[in-house]
Amino acid sequence: MIRGKYTDIAKLPERDGGVVVIRGHIRANRAGARVGFIEINDGTRFAGCQVVYDSVLLADAAKHPVGAAVEVEGELVFTPESRQPFEVRADKITLIGGCDADYPMQKKRHTLEFLREIPHLRARTNTFSALFRVRDTLSAAIHEYLRGEGFMYVATPIITGSDAEGAGEVFGVTAGGDSGFFDRDAKLTVSGQLHVEPFALAYDKAYTFGPTFRAENSNTPTHAAEFWMVEPEISFADLEDDMSVMEAMVKHCVSAVLERCPDEMRFFNDIIDPKRELIARLKAVTSPRFYKMTYTEAIAELERSGADFKFPVKWGLDLKTEHERFLCEQVARGPLFITDYPKEIKAFYMRQNDDGRTVAACDLLVPGVGELIGGSQREERYDILLARMREMNIPEEPLRWYTDLRRFGSVPHSGFGLGVERFLLYLTGIGNIRDTIPYARTPGRLLF
Ligand code: 4AD
Ligand code: MG
């Protein structure tokens with residue numbers, strides 16, 4: 001963008017050299033007897049820019065500490081033979097904002113646990129700069145894929161009257177402690193699915209994409225109390241159609257991130273992934289078909305493995321992360337769809353299969369993470385849906401509007417939900433969901 005005299009560091013490669021003015025934060029400052037080097041980063045690209053200054057002429061520059069904001073005027077010089085392809089030879093360095101000595105990020109590297117306590121500052125580190133850039137690219141790629149396929153973007157509510165998953169893991173909403181603001185108990189949404197279904201039934205394909213909230217008291221590296229979910233919903237579509245969209249969307253997003261964030265992905269590959277295989281692993285998922293197996297086959301596979309699981313395996317078990325990871329890491333060695341789960345462990349709205357004991361649901365599992373996507377064909381048959389709700393003690397009255405859709409021109413339809421933070425774990429090799437979202441909300445800790 002154009003802003004007075006400044007040039008974004010990201011735009012420097014497009015210039016022909018000459019005098020430029022840049023500004024940003026100091027990442028490092030090494031002053032020698034004759035020349036000094038400032039690593040300056042303005043956040044417009046992953047790598048910043050090296051500034052070279054004369055330690056005698058610009059003696060003050062040597063005193064500018066790490067973390068300070070400065071403005072640099074100088075000559076842009078291209079240095080294709082060296083590690084950084086360009087640098088700025090400073091004529092003038094002005095301190096814009098000093099930095100107190102207790103700035104917590106003085107060192108070159110900090111642990112992720114340490115940085116978790118300073119979410120307002122960690123965005124300035126390489127790891128989080130890479131992470132949030134990939135997150136931004138991923139969000140754009142999701143919208144782009146769905147819009148390209150003709151999905152309408154719908155803003156479903158965050159305050160709702162229903163527990164979409166029927167799992168009872170809801171946060172309540174009150175007005176200053178008083179729950180009488182609305183005419184019924186209000187909750188933060190656990191999923192926009194129920195509210196987006198009417199839009200898919202009106203506009204053929206629709207999606208919602210926003211924050212969702214779950215009061216699951218599970219302190220795991222893959223669960224957050226607030227996370228972002230994209231939920232596409234498709235009319236006249238069965239589970240197979242649904243899985244085709246999931247697979248194409250995942251592949252589109254993986255390719256987009258690899259293509260548009262090469263520096264960030266190289267960083268994750270070389271610094272975060274212990275085996276330095278991240279990029280190769282992601283490239284490998286963009287072409288072949290994802291594996292599919294039924295839940296019943298998955299159970300047989302787990303039983304046959306003889307592996308020692310914490311939760312014993314038997315038909316009917318709600319697969320845990322250990323089982324999910326075993327199946328995609330050891331059996332499929334890549335993304336894996338598991339389909340046709342027992343109806344007892346799945347939500348009330350999923351379409352019952354003819355066998356009477358499973359539903360047309362699927363999860364997409366990925367190595368290193370486990371469940372990335374949960375989806376299903378929806379029960380479009382009024383009587384069967386109502387009977388299932390009664391069996392599961394789901395109050396009918398609050399969901400009358402939802403069941404009505406099955407009386408007024410019901411059509412087969414399907415959809416899914418993909419957790420953005422889980423996708424980021426997969427894309428970056430970062431191990432903890434707390435490090436994939438700007439301000440993590442997990443049990444026991446609400447920072448800022
Ligand atoms: O499998 P889930 O619960 O499915 C639904 O909510 C459906 N209503 C989606 C739909 O069909 N429209 O959640 C979907 C995804 C999971 O696969 C996971 O990626 C993510 O949301 N997710 C979480 N991510 C982080 N922290 C949590 N506590 C999560 N719970 C679910
Ligand atoms: Mg699920």
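One is the number of the first residue; the rest follow in order along the sequence. Remember, it's a predicted structure, so these values are computed and weren't measured experimentally. We count ligands from 1, going down the list as the structure has it; atoms in each ligand are counted the same way.
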Using a strict cut-off of less than 4.0 Å between a Lys/Arg side-chain nitrogen and an Asp/Glu carboxylate oxygen, indicate whether Glu322 and Lys310 qualify as a salt bridge.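 A salt bridge is absent here (no side-chain N lies under 4.0 Å from a carboxylate O).
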Please determine whether a side-chain nitrogen of the Lys or Arg among Asp263 and Arg133 lies less than 4.0 Å from a carboxylate oxygen of the Asp or Glu.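 Here Asp263 does not pair with Arg133 in a salt bridge, since their nearest N and O are not under 4.0 Å apart.
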Any residue meeting ring pair (Phe, Tyr, Trp, His ring centres under 6.0 Å) with Tyr207, in chain and number order, not counting sequence neighbours: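 If we apply the ring pair (Phe, Tyr, Trp, His ring centres under 6.0 Å) test to Tyr207, skipping adjacent residues, the hits are His143, Tyr153.
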Under 4.0 Å to a heavy atom of Glu231 - the qualifying atoms of ligand 1, by number: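 Those atoms are 7 (C), 8 (N), 9 (C), 10 (C), 12 (N).
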Which ligand 1 atoms are under 4.0 Å away from a heavy-atom of Ile433?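 So the atoms of ligand 1 that pass are 25 (C).
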Out of [options], whose heavy atom is nearest to [atom]?
atom: atom 22 (N) of ligand 1; options: Phe227, Tyr207, Phe213; result: Phe227
atom: atom 1 (O) of ligand 1; options: Glu165, Arg378, Glu371; result: Glu371
atom: atom 18 (C) of ligand 1; options: Glu233, Arg422, Met350; result: Arg422
atom: atom 14 (C) of ligand 1; options: Met229, His223, Gln193; result: Met229

Should the proximity of Ile373 to ligand 1, defined as any heavy atom under 4.0 Å, be assigned to the side chain, the backbone, both, or neither?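 Only the backbone of Ile373 comes within reach of ligand 1.
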Heavy atom of [X], distance to ligand 1 below 4.0 Å:
X: Arg214; value: yes
X: Val196; value: no
X: Tyr349; value: yes

Checking Lys11 against Tyr6: charged group under 6.0 Å from the ring centre and within 45 degrees of the axis?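 No, a cation-pi geometry is absent between Lys11 and Tyr6.
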Measure centre to centre between the rings of Tyr341 and Tyr295, then say whether the value is under 6.0 Å.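 Tyr341 vs Tyr295: aromatic centres under 6.0 Å.
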Say whether Glu165 and Tyr349, considering side chains only, have a donor N or O and an acceptor N or O under 3.5 Å apart.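 Checked: Glu165/Tyr349 side chains pair up, N/O donor to acceptor below 3.5 Å.
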